[in-house]
Amino acid sequence: MPKLADRLVTLPEYVLARVPQRKRELLAQGVDVIDLGPGDADLMPPPAALARLAEAAAIPSMNRYAFGVGLMDFREAVTTWMAKRFGLQFDPLTEIVPLIGSKEGISHLAMAYVDPGQTTIVPEPGYNSYAGGTRLAGGVPYRYALTPRTNFLVDLDDVPADVLRRARIVYLNYPNNPTGAIAPRDYLERTVRRCRELDLLLVYDNAYSELAFDGYVPPSIFEIDGARDVAIEFHSMSKTYNMTGWRCGWAVAKPEIAAVLAKVKTFVDTGGFMAVQAAAVAAIESYDDFVPRNVAVFKERRDAAVRAFRDAGFTCETPRATMYLWIPLPEGLPSAQFAERLMEDEGVIVLPGSGFGEGGEGFFRISFITSPERLAEAARRAGRVLQSLTAGVA
Ligand SMILES: Cc1ncc(COP(=O)(O)O)c(C=O)c1O
C-alpha cells in the first residue's frame, strides 16, 4: 500500500462521516428516521433563485469556466448587500472572493498563512474546516475548549503566551455552530485589538449572520474598528437562503488578504458554476422578501425544539441565533453512547458533542431543520433514551 501523508493521518474523523450509511440501512429496515444531524434544512431556496438558475444555465457563456473573477454581478450584489446590511463599503473586484461554499474558502485559507508545524487557534467544539484546513496545510491546531465558563467565547488571554506568539490564525464563529453562542460587541473589540497586537489573522466565520431571532442582529467583524487590518470574513448562501447544495459563498477582506486566498484557489479550482452565481444574485436581491419569512420558520422550529426537549427532561438554553440546540447531558454519560443509542433504538440522528472534538464532550447537538411536530417526536424519543441510560443512576 502506498504510504499515507502524515497530514492525512492526523485528520480527525468527520463527525457526519458514518451517519449517512447507517441512516440508509435504518430506512431500508423501515425505521421512521428523524435526522437532526446536519445543518441542512428541509426548506426551499428563494423561487427567484430557482428561476434564475434555469435561465442562466441556458446561456452559453454561463457554462464556461468562471475562473477566479466569476460573475461580476455576483461580486456587486454582495457588496451592495454588505453596504445595506452592515453599512460597510467594499470593492467588488479586490475585496471579495467568490467561493464554492464558504467551507472551501475557510479550509483553503490556511494554505496561504500556515507553514508546516505552525499553529492556529481552533475553537472546540467547532466547524471542522478550521482544524481540517490547518492540518491539510501541515499546521497544528491549538484546541481551545469552548465552555459555558466563557459563554462559549474564545478568550485569547486563556491561551498560553508561547502559543499566541507562534499562532498564525485564530478562527472565530459567532453566531456559533454548534453552541448557538453569540459574541458581544465589546468581546469583538477586545479580540480585534489583541489580534492586531499579535499580528494574528482573525478568520471570522459568519455563516449564520442572518439566522438570528428575538431582535438580535449579528454584526460583521468589519464593524469593529481596526478589523480590516487583521480579519477576513466568510459568508455563505447556504443557511440564509436554504442553498446548502448549491455551493456558493464569499470571503471579504482587504485586497492584500483577499488576493492570497484567490491565489491559492487558482491552483485548486476554476471557479463555481456561473449560473449558480447568477442565481445567488437573484437570491440576494430577494433578501427583504425572503429572509424574514425564512427566519420566522426557523424561530417557530427553535421554540418548538426548546419546549419539547425541556419537556423530555433535558435542560437547554434558547439560542438567539443559528439552527442548533447544544444540549447538555447528565455528567458521566458519554455523548457518543447517547447518540448511538438514540439512533439505534429510536431512529433519531443527533450529533454527539465528542464528534466536534474532546471539548464538545458532555453535550449533543440537534439541528432544528424539520417541522415542529417531528422535532417534538424526536424529543420524546430522546427523553426515553435519556431515561433508560440514566435509570438507576442517582
Ligand atoms: C460554522 C459554519 N461555517 C461554515 C459552514 C459551511 O457552509 P457552506 O460551505 O455551505 O457555505 C458551515 C456549514 O454547516 C458552518 O456551520
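Computed from a predicted model, the values in this text were never measured in an experiment. Position 1 is the first residue of the sequence; numbering continues from there.
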Within a strict 4.5 Å, meaning less than it, do heavy atoms of the [X] and [Y] side chains meet?
{"X": "Glu124", "Y": "Glu358", "answer": "yes"}
{"X": "Met274", "Y": "Ile59", "answer": "no"}
{"X": "Thr134", "Y": "Ile169", "answer": "no"}
{"X": "Arg190", "Y": "Asp157", "answer": "no"}
{"X": "Val217", "Y": "Arg85", "answer": "yes"}
{"X": "Tyr208", "Y": "Tyr174", "answer": "no"}
{"X": "Thr240", "Y": "Asn294", "answer": "no"}
{"X": "Met62", "Y": "Leu71", "answer": "yes"}

Side-chain H-bond candidate by donor/acceptor type, [X] with [Y], under 3.5 Å:
{"X": "Gln21", "Y": "Glu25", "value": "yes"}
{"X": "Asp205", "Y": "Tyr130", "value": "yes"}
{"X": "Thr150", "Y": "Asp155", "value": "no"}

Quick check for you: to the nearest 0.5 Å, what is the distance between [X] atom [atom1] and [Y] atom [atom2]?
{"X": "Glu210", "Y": "Met237", "atom1": "CD", "atom2": "CE", "value": "10.5 Å"}
{"X": "Arg194", "Y": "Leu164", "atom1": "CZ", "atom2": "CG", "value": "6.0 Å"}
{"X": "Gln337", "Y": "Glu340", "atom1": "CD", "atom2": "CD", "value": "9.5 Å"}
{"X": "Leu88", "Y": "Phe222", "atom1": "CG", "atom2": "CZ", "value": "8.5 Å"}
{"X": "Ser209", "Y": "Tyr204", "atom1": "OG", "atom2": "OH", "value": "9.0 Å"}
{"X": "Lys103", "Y": "Thr244", "atom1": "NZ", "atom2": "OG1", "value": "11.5 Å"}

Could you check whether Arg193 pairs with Glu189 (Lys NZ or Arg NE/NH1/NH2 to Asp/Glu carboxylate O, under 4.0 Å)?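 Looking at Arg193 and Glu189, the cut-off is not met.
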Is Arg247 positioned over the aromatic face of Phe273, cation under 6.0 angstrom from the ring centre and no more than 45 degrees off axis? no
Asp32/Arg374 under salt bridge (charged side-chain N to carboxylate O under 4.0 Å, His left out): CA gap, chis, key distance, verdict: CA-CA 11 Å; Asp32 173 28; Arg374 294 293 279 168; 2.7 Å; yes
In this structure, is the centre-to-centre distance between the rings of Phe356 and Phe363 below 6.0 Å? no
Does Asp73 form a salt bridge (charged side-chain N to carboxylate O under 4.0 Å, His left out) with Arg52? I'd like the steps, not just the answer. CA-CA 13 Å; Asp73 280 357; Arg52 189 75 64 86; over 6 Å; no
Give me each pair satisfying ring pair (Phe, Tyr, Trp, His ring centres under 6.0 Å) with a member in residues 60-79, each pair once, sequence neighbours excluded. Tyr65-Phe67
Is there a side chain to side chain contact (heavy atoms under 4.5 Å, CB included) between Ser367 and Asp40? Walk through the geometry before answering. CA-CA 8 Å; Ser367 306; Asp40 194 1; over 6 Å; no
What's the verdict on side chain to side chain contact (heavy atoms under 4.5 Å, CB included) for Leu50 and Met44, showing C-alpha distance, side-chain angles and the deciding distance? CA-CA 9 Å; Leu50 300 173; Met44 282 298 280; 3.6 Å; yes
Test salt bridge (charged side-chain N to carboxylate O under 4.0 Å, His left out) on Asp303 and Arg307; report intermediate values, then the result. CA-CA 6 Å; Asp303 293 343; Arg307 210 168 33 243; 5.7 Å; no
Write down the atom of Ser354, the atom of Glu361, and the distance for their closest heavy-atom approach.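 Closest approach of Ser354 to Glu361: CB-OE2, 3.7 Å.
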Chi angles and distances behind the salt bridge (charged side-chain N to carboxylate O under 4.0 Å, His left out) call for Arg380, Glu346: CA-CA 10 Å; Arg380 276 191 294 276; Glu346 297 280 359; over 6 Å; no
Mutual orientation of the aromatic rings belonging to Trp250 and His235 [parallel < 30°, tilted 30-60°, perpendicular > 60°]: parallel
Parallel, tilted or perpendicular: which one describes the rings of Phe364 and Phe309, with boundaries at 30° and 60°? tilted
Between Thr322 and Asn176, does the side chain to side chain contact (heavy atoms under 4.5 Å, CB included) criterion hold? Intermediate values first, please. CA-CA 7 Å; Thr322 75; Asn176 183 257; 5.7 Å; no
If hydrophobic clusters are built by linking Ile, Leu, Val, Met, Phe, Trp and Tyr wherever their side-chain heavy atoms come under 4.5 Å apart, do Leu146 and Val159 end up in the same one? yes
